Q: 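Just dropping this structure here.
These figures come from a predicted structure and were not determined experimentally. Numbers here simply count residues along the sequence, with the first being 1.
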Amino acid sequence: MKKPVLSFILVILFNFTLKAQQPIDLAESTVKVGGLTNEEVYFGFAAGDQIIFNFSEERGKEVKEVEIMELPATSKFMDYKTVKIENKTLTVPRTGIYKFRFKNSAIGGRVCSYKIQRIPANDSTANFNSNVYWKTLYDTTYITLPEAYREEEYAARNIVPVSKFYINSGSNATFLDGKSRIVVPVTLPPNTVEWYYEFTASRNEADVNQVTSNFKLASDLSKILDSSGFLGLGINLLTQPPGGDVCDIYLLDSENAGLFRSKVAFRYLTVGTRENLASGIVKVSSPLNQPLYLGIKNPDDMVGIHVAIEVVAITHEVKEGYRNVEKMLITENKEPYLEGQASALEVQD
């Protein structure tokens, strides 16, 4: 009775052993490898597995390299200038992912047939999942690169600070000395796009001093100046200074500034000229490329006046060049992993 039982047990053990040792087909396929390219396939294997690999080029043409690599970077088998590989067997020392690479260095394509099998070491790994899954990893680094730049800057620049003058009446200037006319040079800086002057006049010096203590034309223009250099309706937001008595202010070129000073007939530019006004803020858009002067006259023949004036230019400057800029570089990598394992790299640890 003992012998039949023993025979039965041996048959069962033999069948289990035979089942465990039967090759399991993972892939049997054909892949076209284009000229000067690689093709790769990936499979997972359990520790103790045997890999059985077969390969052939269907038209009998050489393939530059056929390689089997254990990830991340351990080459297990390499064959060069091969047409056919039969039953190449490798033993898997530890569970991991293997890459099967076909490299074609010729210009013409190659048609590669391959078959990949595994023989489990025992029955416990017979149902091992050899599928390889992929996850996307993102890596962020920062690099410094030269970058061309072009910056435009509009600025309000004070070119004639608050200046005060006493201008005599016409009769007093003739008979009692003094000046009934003065000339203020206006030297515009390069890249001026427009300019402004603010003035006030009064017979009372104390009043003029009080008004000019609040002169801040450059500051006010800077506040309403946008990045395009456009003041627009913002100019209407500027507070006009008060004044007590009128004066005449003429915009003059070099020749007529001399004539004005000499009290002979002269010509003036109407764009920047104001007559019979006690105060104001005046915008001048042109001319911008020649020596200019503001001629200030007391129109009263009998009484002198005190006048204060401030001149501000709007400039436009362009800066170009290269500067180092730190940029964020995001790289994307695909990483293989097996079911129940984080990544191919972690399998090797």
Side-chain angles (χ1 to χ4, degrees), residues 18-122 125-139 329 331-349:
L18 183 64
K19 180 181 178 182
Q21 292 178 346
Q22 289 299 312
I24 298 173
D25 293 342
L26 299 183
E28 186 171 4
S29 184
T30 300
V31 61
K32 183 174 182 180
V33 185
L36 307 176
T37 61
N38 292 283
E39 291 293 336
E40 300 169 350
V41 293
Y42 296 81
F43 290 96
F45 295 89
D49 277 359
Q50 284 192 321
I51 300 173
I52 302 175
F53 176 69
N54 286 275
F55 161 82
S56 65
E57 206 289 325
E58 291 195 349
R59 294 173 294 184
K61 295 183 178 182
E62 289 184 346
V63 175
K64 174 69 175 179
E65 294 176 6
V66 176
E67 182 181 25
I68 302 175
M69 175 182 289
E70 179 188 11
L71 296 187
T74 303
S75 182
K76 294 294 188 179
F77 170 77
M78 176 82 80
D79 201 1
Y80 298 93
K81 295 184 178 179
T82 184
V83 174
K84 190 172 186 179
I85 299 171
E86 291 186 329
N87 293 323
K88 177 61 185 177
T89 303
L90 298 173
T91 300
V92 176
R94 53 189 166 267
T95 300
I97 297 174
Y98 281 68
K99 175 173 69 175
F100 299 80
R101 181 175 65 89
F102 311 99
K103 180 178 180 180
N104 178 20
S105 62
I107 296 177
R110 297 290 187 264
V111 179
C112 300
S113 294
Y114 63 90
K115 184 175 183 179
I116 301 172
Q117 299 171 294
R118 60 178 286 262
I119 300 178
N122 52 63
T125 60
N127 295 321
F128 179 82
N129 186 355
S130 291
N131 291 325
V132 174
Y133 303 92
W134 296 86
K135 64 180 177 180
T136 302
L137 301 178
Y138 299 94
D139 185 35
L329 180 65
T331 55
E332 177 182 309
N333 294 304
K334 300 285 188 180
E335 184 174 300
Y337 68 96
L338 297 175
E339 184 180 53
Q341 296 175 333
S343 69
L345 294 178
E346 294 182 20
V347 167
Q348 299 300 315
D349 294 338

Q: Whether the side chain of Asn129 engages the backbone of Asn131 through a donor-acceptor N/O pair (distance < 3.5 Å, no angle test) should be reported.
A: yes
Q: Quick one: side chain to side chain donor-acceptor pair (under 3.5 Å) partners of Arg110, sequence neighbours excluded?
A: none
Q: Between the side chains of Thr30 and Ser113, is a donor N or O closer than 3.5 angstrom to an acceptor N or O?
A: yes
Q: Determine whether Asp49 and Thr125 satisfy the following criterion, side chain to side chain contact (heavy atoms under 4.5 Å, CB included), listing intermediate values before the conclusion.
A: CA-CA 8 Å; Asp49 277 359; Thr125 60; 4.1 Å; yes
Q: Got a sec, which residues hit side-chain contact (heavy atoms from CB on, under 4.5 Å) with Ser29, two or more places apart in sequence or on another chain?
A: Tyr114
Q: Side chains of Asn54 and Glu86: donor-acceptor distance under 3.5 Å anywhere?
A: no
Q: Donor-acceptor pair, Glu70 side chain versus Thr74 backbone, under 3.5 Å?
A: no
Q: Are the side chains of Ile97 and Leu338 in contact, using a 4.5 Å heavy-atom criterion?
A: yes
Q: Please list all pairs passing the ring pair (Phe, Tyr, Trp, His ring centres under 6.0 Å) test where one or both residues lie in residues 48-96, with sequence neighbours left out.
A: Phe53-Phe100, Phe55-Phe102
Q: Could you work out, with side chain to side chain donor-acceptor pair (under 3.5 Å) as the rule, every residue matching Lys334, not counting sequence neighbours?
A: Thr136
Q: Going by heavy atoms in the side chains, are Gln22 and Ile119 under 4.5 Å from each other?
A: no
Q: Does Thr89 have any side-chain contact (heavy atoms from CB on, under 4.5 Å) partners at least two apart in sequence or in another chain, and if so, which?
A: Gln50, Ile52
Q: Under 3.5 Å, which donor-acceptor pairs do the side chains of residues 34-47 form with other protein atoms, sequence neighbours left out?
A:
{"residue": "Thr37", "atom": "OG1", "partner": "Gly34", "partner atom": "N", "Å": "3.2"}
{"residue": "Thr37", "atom": "OG1", "partner": "Gly34", "partner atom": "O", "Å": "2.6"}
{"residue": "Asn38", "atom": "OD1", "partner": "Arg101", "partner atom": "NH1", "Å": "3.3"}
{"residue": "Glu40", "atom": "OE1", "partner": "Tyr42", "partner atom": "OH", "Å": "2.8"}

